Amino acid sequence: MGLPTTFVRLTGCPLRCTYCDTAYAFHGGQWRDIDSIVHDPLVMASTHICVTGGEPLAQKACLTLLSALCDAGHQVSLETSGAMDIAQVDPRVSRVVDIKTPGSGEQAKNRWENLPLLNAHDQLKFVVCNRADFSWALDTIKQHALLGRCEILVSPSFAEVEPRQLAEWVLESGLSIRLQVQLHKLLWGDAPGH
């Protein structure tokens with residue numbers, strides 16, 4: 001967070017989280033081939049590239065795109081819902097896997113088989129809608145022995161949990177987990193494209 005990053009947003013998502021802030025990515029967009037994305041001036045000018053969605057792994061060519069961006073010398077991260085298999089993602093890519101909390105309405109879609117695949121290069125994220133979600137996240141972290149496997153992020157659902165409140169819960173937990181806020185919304189508001 002805080003590093004200049006170009007986001008490559010892929011269209012489509014099989015989930016419908018209650019707090020989704022990118023419903024515009026369910027459809028629309030422009031058809032582009034991988035070469036045109038890799039050679040896009042915004043992509044070429046950026047060191048950090050984040051491939052996101054929707055759910056990027058729902059796109060058949062996503063794995064090829066990720067490898068092509070790495071081959072072009074970028075530091076690449078993938079933001080994925082946690083509902084799709086991450087096993088074939090290029091190992092150079094930092095995988096940011098979102099475990100869906102009960103408040104998301106999509107908890108049943110979590111692909112628990114992804115958890116053993118995570119390593120220190122990856123991040124696991126929980127978007128928290130309320131105190132019950134935070135408690136559920138802590139139980140999940142302990143149940144799956146996730147501390148030390150990868151970086152663990154907790155993020156407040158925008159307009160549902162105040163960042164300060166979540167920060168207090170994190171401090172109370174005593175666990176080595178990281179608070180993440182949507183910096184782009186703090187800086188530019190809730191408009192698409194930022």
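Quantities reported herein were computed from a predicted structural model and do not represent experimental measurements.
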field: Side-chain heavy-atom pair L115, I99 within 4.5 angstrom cut-off
entry: yes
message: With side-chain contact (heavy atoms from CB on, under 4.5 Å) as the criterion, how do T47 and T5 come out once you've worked through the C-alpha distance, each side chain's angles and the decisive distance to 0.1 Å?
response: CA-CA 7 Å; T47 301; T5 301; over 6 Å; no
message: Quick check: do S36 and D40 have side-chain heavy atoms less than 4.5 Å from each other?
response: no
- request: State yes or no: do W169 and L147 share one hydrophobic cluster built from I, L, V, M, F, W and Y residues joined by side-chain heavy-atom distances below 4.5 Å, directly or via other members?
  value: yes
message: Once side chain to side chain donor-acceptor pair (under 3.5 Å) is applied, do any residues pair with T140, and if so which ones, sequence neighbours excluded?
response: none
query: Under 4.5 Å between any side-chain heavy atoms of T80 and T52, yes or no?
result: no
query: Does any non-hydrogen side-chain atom of I141 lie less than 4.5 Å from one of F126?
result: yes
message: In this structure, would L175 and F134 fall into the same cluster of hydrophobic residues linked by side-chain contacts under 4.5 Å?
response: yes
task: Decide whether V76 and L153 are clustered together by the hydrophobic rule: side chain heavy atoms of Ile, Leu, Val, Met, Phe, Trp, Tyr closer than 4.5 Å, transitively.
output: no
field: Donor-acceptor pair, side chain of N110 and main chain of W112, under 3.5 angstrom
entry: no
query: What is the minimum heavy-atom distance between P4 and S46, and which atoms define it?
result: O-OG, 4.2 Å
message: Quick check on the hydrophobic clustering: are L10 and I49 connected, directly or via other members, by side-chain heavy-atom contacts under 4.5 Å?
response: yes
- prompt: Looking only at atom types and distance, does a side-chain atom of H39 sit under 3.5 Å from a main-chain N or O of D35, one as donor and one as acceptor?
  reply: yes
field: Side-chain donor/acceptor of T6 to backbone N/O of V43, under 3.5 Å
entry: no
- prompt: Are K100 and D98 side-chain neighbours, meaning at least one heavy-atom pair lies under 4.5 Å?
  reply: yes
field: CD-CG distance between Q143 and L138, expressed to the nearest 0.5 angstrom
entry: 12.5 Å
If you look only at distance, which donor and acceptor atoms sit under 3.5 Å apart when one is on a side chain in residues 116-124 and the other is two or more places apart or in another chain?
{"from": "N119", "atom 1": "OD1", "to": "H121", "atom 2": "N", "distance (Å)": "2.8"}
{"from": "H121", "atom 1": "NE2", "to": "R92", "atom 2": "O", "distance (Å)": "3.1"}
{"from": "H121", "atom 1": "NE2", "to": "S94", "atom 2": "N", "distance (Å)": "3.4"}
{"from": "D122", "atom 1": "OD1", "to": "R95", "atom 2": "N", "distance (Å)": "2.9"}
{"from": "D122", "atom 1": "OD1", "to": "R95", "atom 2": "NE", "distance (Å)": "3.3"}
{"from": "D122", "atom 1": "OD2", "to": "R95", "atom 2": "NE", "distance (Å)": "3.2"}
{"from": "D122", "atom 1": "OD2", "to": "R95", "atom 2": "NH2", "distance (Å)": "2.7"}
{"from": "D122", "atom 1": "OD2", "to": "N119", "atom 2": "N", "distance (Å)": "3.0"}
{"from": "Q123", "atom 1": "NE2", "to": "E151", "atom 2": "OE1", "distance (Å)": "2.7"}

field: Minimum heavy-atom distance V51-C62, with the two atoms named
entry: CG1-SG, 4.4 Å
- prompt: Which value, rounded to the nearest 0.5 Å, describes the distance between K125 atom NZ and S155 atom OG?
  reply: 6.0 Å
- prompt: Within the distance-only criterion (no hydrogens, no angle test), does the side chain of N114 pair as donor or acceptor with the backbone N or O of M84 below 3.5 angstrom?
  reply: yes
- prompt: How about L57 and L78: do any of their side-chain heavy atoms sit closer than 4.5 Å?
  reply: yes
query: Is T101 close to V127 at the side-chain level, that is, under 4.5 Å between some pair of heavy atoms?
result: no
- prompt: Could you state the interatomic distance from SG (C50) to CD (E79), rounded to the nearest 0.5 Å?
  reply: 4.0 Å
query: To the nearest 0.5 Å, what is the distance between CD1 (I34) and CD1 (I37)?
result: 7.0 Å
- line: Minimal heavy-atom distance between G82 and V97, with the atoms involved, is CA-CG1, 3.6 Å
- prompt: Is R111 salt-bridged to E55, cutoff N-O under 4.0 Å?
  reply: no
Residues R131, E162; criterion salt bridge (Lys or Arg N to Asp or Glu O under 4.0 Å); working and verdict: CA-CA 11 Å; R131 181 65 191 233; E162 289 296 321; over 6 Å; no
message: Is there a continuous path of hydrophobic side-chain contacts, each under 4.5 Å between heavy atoms, that joins L171 to L179?
response: no
message: Nearest 0.5 angstrom please: L166 CG to Q180 CD, how far?
response: 10.5 Å
- prompt: Just wondering, do V128 and P156 contact through their side chains at under 4.5 Å, heavy atoms?
  reply: no
query: When rounded to the nearest 0.5 angstrom, what distance separates CG in L66 from CD in Q88?
result: 12.0 Å
